[in-house]
**Student:** 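Below you'll find the structure I mean.
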Amino acid sequence: MSTAAQNRFQKVNLATIIVLFVLILAGGVVRSSGSGMGCPDWPKCFGRYIPPTDISELPKDYKQKYVAKRIEKNQRFAKTLDVFGYSDLAKRIREDRSILVPEEFNASKTWTEYVNRLVGVLSGFFLLASLVCSFSYWKTDKRIAVLSFFNLILVGFQAWLGSIVVSTNLVAWIVTVHMLLALAILAICIYTYHAARISGKHTGSAKPLVFIVTFAALVISTMQIAFGTEVREKIDAVANHFQGGYRDSWVANAGEIFQQHRDIAIIVLILNVALFALIRKSFNRHSTQQQLMSFTFLIITLQIVTGILLSYMALPPVAQASHIVLASLLFGAQFYLLLNLFQGVKGREVSK
């Protein structure tokens, strides 16, 4: 297959990665604006491909109609959980009375969620295009095509899980899984992009210690993102308790989970300071590794700024959306750095 076709895959895959970050941003805006239930059904929105702009466009019994649909869908999901042995979770979903509370129509929230779904559809098309283009590497590296196919299946599962997020009225643990699955899809795209770029090329060597510290930093960052979704879920519970009022006290009432999130942030900073020293010692300043490390520190600095804004300025929505996007960028940069180092460690072992 021609080099032009392989270059096309790299460009399409890179564009897919960018679209996935935009999708995470859109999801962050939905979360921070409380628009997650802006569309009570899925994949349509209020039974339409283009949602309404005014409540007058909806039938009078729209609340009861969509609550009934959610109950039916949740019953099917609970049965699936029973099959896989998660009876306790199934029972909690069946007994969750919050899904019986209908959502009031809000045009702003509806269209915010709708745009998020449109970006999701766009990312699906880009992943499909990546799969088609990935076959240019079939003879030289089958992993690229296989993983591209798997990623398309994964994004289909992610879309289904998104429908469960809606039908279960944003049940906490499902939201966390939804976010982690988004990172997995992103990681596969980054991996195939990296594999395509180094296909048939020799890579430099890296000390195993650098790889180990990078891997540890990546794991801690992923844990931090998971804790972050749980902090947000706790904040939502506090906000509901105060019925949306007393916003200045939400963080103070978040409990231990917020303190744990802050403690892990300190660990993230310490690990990356150590990693920066190792990278600086092992690679020249113009190397990909040093550039990625500099980008990582920029992201961490911005993360600290947004974290301070969230803690001391009553959770401004812009800071919330920025915080999750920056966390995802940090994950992406660390994972891409790890891939470069991993190739280096393998090359070092072979040379021995």
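Each residue takes its place number in the sequence, starting with 1.
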**Student:** Assess the side chains of Asn13 and Thr192: does a donor N or O sit below 3.5 Å from an acceptor N or O?
**Tutor:**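 Present: a donor and an acceptor within the cut-off.
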
**Student:** Does CZ belonging to Phe149 count more than 12 external heavy atoms closer than 6.0 Å?
**Tutor:**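 At most 12 heavy atoms, drawn from other residues, nucleotides or ligands, come within 6.0 Å of this atom.
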
**Student:** With a 4.5 Å heavy-atom cut-off, do Val121 and Phe125 have their side chains touching?
**Tutor:**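 Sidechains of Phe125 and Val121: in contact.
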
**Student:** Give, for atom OG1 of Thr288 and atom CG of Leu339, the distance between the pair rounded to the nearest 0.5 Å.
**Tutor:**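 Spacing of OG1 (Thr288) from CG (Leu339) equals 12.0 Å.
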
**Student:** Hey, is CG on Asp88 packed in by over 12 heavy atoms from elsewhere, all under 6.0 Å?
**Tutor:**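 Counting other residues, nucleotides and ligands, CG of Asp88 stays at 12 neighbours or fewer.
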
**Student:** Test your reading of the model: is there a side-chain donor-acceptor pair from Asp248 to the backbone of Ala314, 3.5 Å cut-off?
**Tutor:**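 No, because the side chain of Asp248 does not come within donor-acceptor range (under 3.5 Å) of the backbone of Ala314.
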
**Student:** Following the transitive rule for hydrophobic clusters with a side-chain heavy-atom cut-off under 4.5 Å over Ile, Leu, Val, Met, Phe, Trp and Tyr, establish whether Val273 and Val213 coincide in one cluster.
**Tutor:**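 Result: yes, single cluster for both.
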
**Student:** Using the rule that Ile, Leu, Val, Met, Phe, Trp and Tyr join whenever any side-chain heavy atoms are under 4.5 Å apart, tell me whether Leu128 and Val12 fall into a single cluster.
**Tutor:**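 Per the 4.5 Å side-chain linkage, Leu128 and Val12 are not co-clustered.
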
**Student:** Nearest 0.5 angstrom please: Gln75 CD to Thr80 OG1, how far?
**Tutor:**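 Reported to 0.5 Å precision, the distance equals 11.0 Å.
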
**Student:** Working to the nearest 0.5 Å, report the span between CZ of Phe295 and CD of Gln334.
**Tutor:**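 If I round to the nearest 0.5 Å, the distance is 11.0 Å.
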
**Student:** Is the distance from the ring center of Phe276 to that of Phe297 below 6.0 Å?
**Tutor:**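 Here the rings of Phe297 and Phe276 have centres that are less than 6.0 Å from each other.
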
**Student:** If only atom types and distance count, is the side chain of Ser134 paired as donor or acceptor with the main-chain N or O of Leu131 below 3.5 Å?
**Tutor:**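 Yes, because the side chain of Ser134 sits within donor-acceptor range (under 3.5 Å) of the backbone of Leu131.
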
**Student:** How close do Ala107 and Thr53 get, counting heavy atoms only, and between which atoms?
**Tutor:**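 Looking at all heavy atoms of both residues, the closest pair is CB-O, 3.4 Å.
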
**Student:** Applying ring pair (Phe, Tyr, Trp, His ring centres under 6.0 Å) to Tyr137 and Phe9, what does each step give before you reach the verdict?
**Tutor:** CA-CA 9 Å; Tyr137 285 92; Phe9 168 76; 5.6 Å; yes

**Student:** With a sphere of 6.0 Å drawn around NZ of Lys142, does it hold more than 12 non-hydrogen atoms of other residues, nucleotides or ligands?
**Tutor:**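 Check passes, neighbour count above 12.
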
**Student:** Looking only at atom types and distance, does a side-chain atom of Thr110 sit under 3.5 Å from a main-chain N or O of Gly38, one as donor and one as acceptor?
**Tutor:**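 Answer holds: yes.
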
**Student:** Mind checking whether Phe84 and Trp160 sit in one hydrophobic cluster, side chains of I, L, V, M, F, W, Y counted as touching below 4.5 Å?
**Tutor:**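 Yes; Trp160 is reachable from Phe84 via cluster members.
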
**Student:** Are the side chains of Val210 and Gln289 in contact, using a 4.5 Å heavy-atom criterion?
**Tutor:**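 Gln289 vs Val210: side chains apart.
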
**Student:** Heavy atoms only: give me the nearest Val30-Ser33 pair and the separation to one decimal.
**Tutor:**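 That would be O-OG, 3.3 Å.
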
**Student:** Given 3.5 Å as the limit, does a donor-acceptor pair link the side chain of Ser311 with the main chain of Ile308, or not?
**Tutor:**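 No; judged by distance alone, with no hydrogens or angles, the pair does not exist.
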
**Student:** A side-chain contact here means heavy atoms from C-beta on lying under 4.5 Å apart; do Val251 and Leu315 qualify?
**Tutor:**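 Contact flag for Val251/Leu315 side chains = yes.
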
**Student:** On a heavy-atom basis, which atom in Cys45 and which in Pro52 lie closest, and how many Å separate them?
**Tutor:**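 Taking every non-hydrogen atom into account, O-CD, 4.3 Å.
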
**Student:** Kindly compute the distance separating CD1 (Ile24) from CZ (Arg31), expressed to the nearest 0.5 Å.
**Tutor:**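 Atom-to-atom, Ile24:CD1 and Arg31:CZ are 14.5 Å apart.
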
**Student:** So how far is it from His261 NE2 to Arg232 CZ, rounded to the nearest 0.5 Å?
**Tutor:**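 Answer rounded to 0.5 Å: 12.0 Å.
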
**Student:** Is there a side-chain contact between Ser328 and Val325 (heavy atoms, below 4.5 Å)?
**Tutor:**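 Of all side-chain heavy-atom pairs linking Val325 with Ser328, none is under 4.5 Å.
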
**Student:** Answer yes or no: does atom CZ of Arg285 have more than 12 heavy-atom neighbours from other residues, nucleotides or ligands under 6.0 Å?
**Tutor:**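 Counting other residues, nucleotides and ligands, CZ of Arg285 stays at 12 neighbours or fewer.
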
**Student:** Is it the case that over 12 heavy atoms from other parts of the model lie below 6.0 angstrom from the NZ atom of Lys73?
**Tutor:**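 Yes, NZ of Lys73 has more than 12 neighbouring heavy atoms, counting only those of other groups under 6.0 Å.
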
**Student:** Quick one: do Ser130 and Thr16 satisfy side-chain hydrogen bond (donor to acceptor under 3.5 Å, both in side chains)? Show the steps, please.
**Tutor:** CA-CA 8 Å; Ser130 292; Thr16 303; 3.0 Å; yes

**Student:** Step by step, work out the side chain to side chain contact (heavy atoms under 4.5 Å, CB included) result for Cys189 and Leu127.
**Tutor:** CA-CA 9 Å; Cys189 275; Leu127 284 164; 3.5 Å; yes

**Student:** Please identify which of these residues, Thr222, Leu326, Ile299, meets the side chain to side chain contact (heavy atoms under 4.5 Å, CB included) condition with Phe331.
**Tutor:**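 In the set Thr222, Leu326, Ile299, the residue that makes a side chain to side chain contact (heavy atoms under 4.5 Å, CB included) with Phe331 is Thr222.
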
**Student:** Name the orientation class of the two ring planes belonging to Tyr336 and Tyr193 (parallel below 30°, tilted from 30 to 60°, perpendicular beyond 60°).
**Tutor:**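 Ring orientation of Tyr336 relative to Tyr193: tilted.
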
**Student:** Is Ser282 reaching over with its side chain to a backbone N or O of Ile279, donor-acceptor style, under 3.5 angstrom?
**Tutor:**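 The answer is no, because no donor-acceptor pair under 3.5 Å joins these two groups.
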
**Student:** Please find the pair of heavy atoms, one from Ala90 and one from Asp82, that lie closest to each other, and give the distance.
**Tutor:**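 Closest heavy-atom pair between Ala90 and Asp82: CB-OD1, 3.3 Å.
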
**Student:** Is the side chain of Gln290 donor-acceptor paired with the backbone N or O of Phe283 at a distance under 3.5 Å, no angle test?
**Tutor:**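 Yes, the answer is positive, given that a donor and an acceptor are paired below the 3.5 Å cut-off.
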
**Student:** Is it the case that the side chain of Gln158 and the backbone of His178 share a donor-acceptor pair, with hydrogens and angles ignored and the cut-off at 3.5 Å?
**Tutor:**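 Present.
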
**Student:** Can you name the one residue among Thr176, Leu161, Val155 that meets side chain to side chain contact (heavy atoms under 4.5 Å, CB included) with Leu181?
**Tutor:**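 The residue from Thr176, Leu161, Val155 that satisfies side chain to side chain contact (heavy atoms under 4.5 Å, CB included) with Leu181 turns out to be Leu161.
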
**Student:** Among the clusters formed by ILVMFWY side chains lying less than 4.5 Å apart, do Phe21 and Leu292 turn up in the same one?
**Tutor:**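 The answer is yes; both residues are in one hydrophobic cluster.
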
**Student:** Name the orientation class of the two ring planes belonging to Tyr114 and Trp111 (parallel below 30°, tilted from 30 to 60°, perpendicular beyond 60°).
**Tutor:**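 Taking Trp111 first and then Tyr114, their aromatic rings stand perpendicular (interplane angle over 60°).
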
**Student:** Got a second to check how far Arg70's CZ is from Asp41's CG, nearest 0.5 Å?
**Tutor:**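 Here the rounded value is 9.5 Å.
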
**Student:** With a 4.0 Å cut-off on N to O distance, would you call Glu72 and Arg76 a salt bridge?
**Tutor:**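 Arg76 and Glu72: salt-bridged.
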
**Student:** Could you go step by step and tell me if Leu147 and Asn151 meet the side chain to side chain contact (heavy atoms under 4.5 Å, CB included) rule?
**Tutor:** CA-CA 6 Å; Leu147 285 173; Asn151 221 14; over 6 Å; no

**Student:** Within the 4.5 Å heavy-atom criterion, are Asn272 and Leu275 side-chain neighbours or not?
**Tutor:**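 They are in side-chain contact.
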
**Student:** Under 4.0 Å between a Lys/Arg side-chain N and an Asp/Glu carboxylate O for Glu113 and Arg117?
**Tutor:**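 Answer for the salt bridge query: yes.
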
**Student:** Does any non-hydrogen side-chain atom of Leu23 lie less than 4.5 Å from one of Asn116?
**Tutor:**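 Counting from C-beta outward, Asn116 and Leu23 do come under 4.5 Å.
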
**Student:** Report the C-alpha separation of Asp263 and Ile267 in whole Å, then their side-chain angles, then the decisive distance to 0.1 Å, and conclude whether the side chain to side chain contact (heavy atoms under 4.5 Å, CB included) test is met.
**Tutor:** CA-CA 7 Å; Asp263 292 344; Ile267 297 174; 5.7 Å; no

**Student:** Evaluate the side-chain proximity of Asn253 to Phe242: yes if any heavy-atom separation is below 4.5 Å, no if none is.
**Tutor:**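 A side-chain contact under 4.5 Å exists here.
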
**Student:** Under 4.5 Å between any side-chain heavy atoms of Gln260 and Glu230, yes or no?
**Tutor:**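 In short, these two side chains do not touch, never coming nearer than 4.5 Å.
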
**Student:** May I ask you to check whether Tyr66 and Phe46 place their ring centers less than 6.0 Å from one another?
**Tutor:**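 Yes, ring centres under 6.0 Å apart.
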
**Student:** Quick one: do Arg94 and Lys79 satisfy side chain to side chain contact (heavy atoms under 4.5 Å, CB included)? Show the steps, please.
**Tutor:** CA-CA 10 Å; Arg94 288 190 181 100; Lys79 288 181 180 179; 4.0 Å; yes

**Student:** Is there a path of hydrophobic side-chain contacts, each under 4.5 Å between heavy atoms of I/L/V/M/F/W/Y residues, joining Phe335 to Leu298?
**Tutor:**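 Yes; tracing contacts between hydrophobic side chains, which count when under 4.5 Å, links both residues.
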
**Student:** Would you find more than 12 non-hydrogen atoms of other residues, nucleotides or ligands less than 6.0 Å from Tyr86 atom OH?
**Tutor:**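 Atom OH in Tyr86 is not crowded, with 12 or fewer foreign heavy atoms closer than 6.0 Å.
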
**Student:** Tell me the closest heavy-atom pair linking Ser287 and Asn284, and the distance in Å.
**Tutor:**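 That closest heavy-atom pairing would be OG-O, 2.7 Å.
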
**Student:** Where do Trp250 and Ile235 come nearest, in terms of heavy atoms and distance?
**Tutor:**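 Heavy atoms only, the tightest pair is O-CD1, 3.7 Å.
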
